[in-house]
2 protein chains.
Amino acid sequence: MGSSIGRLILQKPGLRLCGAVGRRKERAGSDLGAILGLEEDLGIRLSADLEEVLAAAKPEVAIQATCSRVSEAHEELRSCIEHRVNVISLAEEMSYPWHAEASLAQSIHELAARRGVTVLGTGVNPGFVLDYLVIALTGVCLSVRSIRATRINDLSPYGPSVLRSQGVGLTPEEFERGVEEGTVAGHFGFGESVGMIARALGWKIDRIEETRRPIVSRAMRQTPAVVVQPGRTAGCEQRAVAYCGAEPVITLVHPQQVHPHLEGVATGDRIEISGIPDICFESRPEIPGGLATTAIAVNMIPHVLAAEPGLVTMADLPAPAAMMGDVRDLMATRFAGRAKGALR
Amino acid sequence: MGSSIGRLILQKPGLRLCGAVGRRKERAGSDLGAILGLEEDLGIRLSADLEEVLAAAKPEVAIQATCSRVSEAHEELRSCIEHRVNVISLAEEMSYPWHAEASLAQSIHELAARRGVTVLGTGVNPGFVLDYLVIALTGVCLSVRSIRATRINDLSPYGPSVLRSQGVGLTPEEFERGVEEGTVAGHFGFGESVGMIARALGWKIDRIEETRRPIVSRAMRQTPAVVVQPGRTAGCEQRAVAYCGAEPVITLVHPQQVHPHLEGVATGDRIEISGIPDICFESRPEIPGGLATTAIAVNMIPHVLAAEPGLVTMADLPAPAAMMGDVRDLMATRFAGRAKGALR
């Protein structure tokens, strides 16, 4: 993810890649050009020391793609904020950090506001498909009774660590045990998506029921990283139902598996709103997760530069947009000179 | 439109309908309850005098649903702004007023900024389907080559004045003459949608080609307001193509007709983005225009109350959302106490 973000930044006029931090110490000191698979050196060395890079490179914005949880993200965030650097975090829980870690979220917010920088959590999901788009589509409703949003994707391109976390290749019994023991973690982000939707609409959610069920394959499904025999688990069907009182108001469904088409399952994103009017928007196939997360991380840079200081969510900012012009022109036109810092 | 907006406001906790202005003098003085079709009086009389209502009712927000053009809208807007009233305008050209009337837009912006209020143009289209949603979906693209967005709707519910403006029931020759003479006005808003998309992405548009063609019916199509014989026009297929240099980058297609299903045409909204990745989102049937415009006019009230003063577009504000809680709670939570005026 870090590499694809780096390559995209290099393509965007007006953005300058000024530093990179990687956790793997054995790569520290290598030129970023080689790490990004480019022909030429970039004159930027990968560092294992965030503080050092922040002090030397003095970036306007940092993109964090290192972890999933607020509790893992917050120390890096604090370092950036203390150096007065705006941050776009891809940690899933950061898309709506009040869900998992309300008090950490509050302290990040206060620190960012004090230092005059903005912190945003984003990504394709959570951050866009099952929350931002859902919220925006309710905007044309007189009222909403309930929401059901489904994202069916294909895990086939992913490597062993993602497949393991989704329980791919396990027996159904091993899958169930993995869920209990936490090794089959599934998707992070349902609570965050529910929280973002509920705050935007003004719903009070009383509880969220989340389930992970094995998708047991009837066919043999094979990828470079795994072979799933019939009777074994091709992936994880994860589901969250959020209740207002006894009423299930938000249902999020996210079955992730390898080669769903082998059993006639088409991938796609589908947002159904029961209300006045009913709304149903659908994309087939699904918005591809890796590309979309890379894109939105970079496309939100001008938004974050122009935003009020503090901790914000996708639902708080102007519509995301592909960045097709020079970012300096965008800051002057769309964002009307509202940039904080040097791009003002 | 004004009546349906009034009824919706009455249903939303935290909003208080405090005045109403109508252009038809013969209805002035009637109680709004009767005009909205309610059993009870509301104790609010319809007035034909905007200034009087603004001075007496002192609203926080006014919703303008009186016209299509900036040149028709701006005097009412100025009255509201001078009384320090925020405005949500449904005039199609107000969704991106710099397209039709750049200098009027600039002066509205300056006046609003000076008086500390926000002016927003919105609606289902322009304002949402063919611009806001398009922009938001490009947010998950590394780059965009071109955009094609189509809205196919059914004019059957509309009355004679809308049908006339779309050329329904004319011969193809009468239709072509109507286009030339301006009586077949078709859809207002393509230039505005193009302008909003282009500014958000940072594209420079060199020219827009707009065409209106008659949809000649092969079947008899009948509504309470019109009978279309075979060989006559069932509606208007309107299309805009916006170019960067020689490259057609935005194509908007909006065929409007009565009973499209009689010739096998399904209604729907479809947004196709050619880029990395390709995106295609689709809704069948289309988002219903009347309900959606009513909804978004009211749902944007908290956004406008919280926005920076000046003239803004849908692309500048946080995601629209159905207003399901008390608007005062929304201002305190989602909009974190940023309201201007009394709702602060």
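Quick caveat: nothing in here was measured; it's all calculated off a predicted structure. Each chain gets a letter, A, B and so on, in the order its sequence line appears, and its residues count up from 1.
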Write down the atom of [X], the atom of [Y], and the distance for their closest heavy-atom approach.
X: A:T138; Y: B:N299; answer: O-ND2, 3.9 Å
X: B:A295; Y: A:C141; answer: CB-C, 3.3 Å
X: B:R334; Y: A:R199; answer: CB-O, 3.8 Å

inquiry  = Please classify the contact of B:L317 with chain A as side chain, backbone, both or neither, using a heavy-atom distance under 4.5 Å.
reply    = backbone
query = Checking heavy atoms, do the side chain of B:E308, its backbone, both or neither come under 4.5 Å from chain A?
reply = side chain
ask   = Who among B:G325, B:S4, B:A136, B:G310 has the most heavy-atom pairs with chain A under 4.5 Å?
value = B:A136
ask   = Any idea which of B:V129, B:D269, B:L137, B:V134 has the most non-hydrogen atom pairs under 4.5 angstrom with chain A?
value = B:L137
Relative to chain B, which segment of [X] carries a heavy atom at a distance below 4.5 Å: side chain, backbone, both, or neither?
X: A:L8; answer: side chain
X: A:E286; answer: neither
X: A:L201; answer: both

Chain B contacts, top residue of [options] (heavy-atom pairs, under 4.5 Å):
options: A:A322, A:A319, A:G202; value: A:A322
options: A:A297, A:A200, A:G268; value: A:A200
options: A:D329, A:V124, A:D278, A:L133; value: A:L133

Roughly how far apart are [X] [atom1] and [Y] [atom2], rounded to 0.5 Å?
X: B:K204; Y: A:M324; atom1: NZ; atom2: CE; result: 12.5 Å
X: B:F281; Y: A:R284; atom1: CZ; atom2: CZ; result: 12.0 Å
X: B:E282; Y: A:R270; atom1: CD; atom2: CZ; result: 11.5 Å
X: A:I279; Y: B:L291; atom1: CD1; atom2: CG; result: 9.0 Å

inquiry  = Walk me through whether A:V298 and B:L142 qualify under side chain to side chain contact (heavy atoms under 4.5 Å, CB included).
reply    = CA-CA 8 Å; A:V298 175; B:L142 307 190; over 6 Å; no
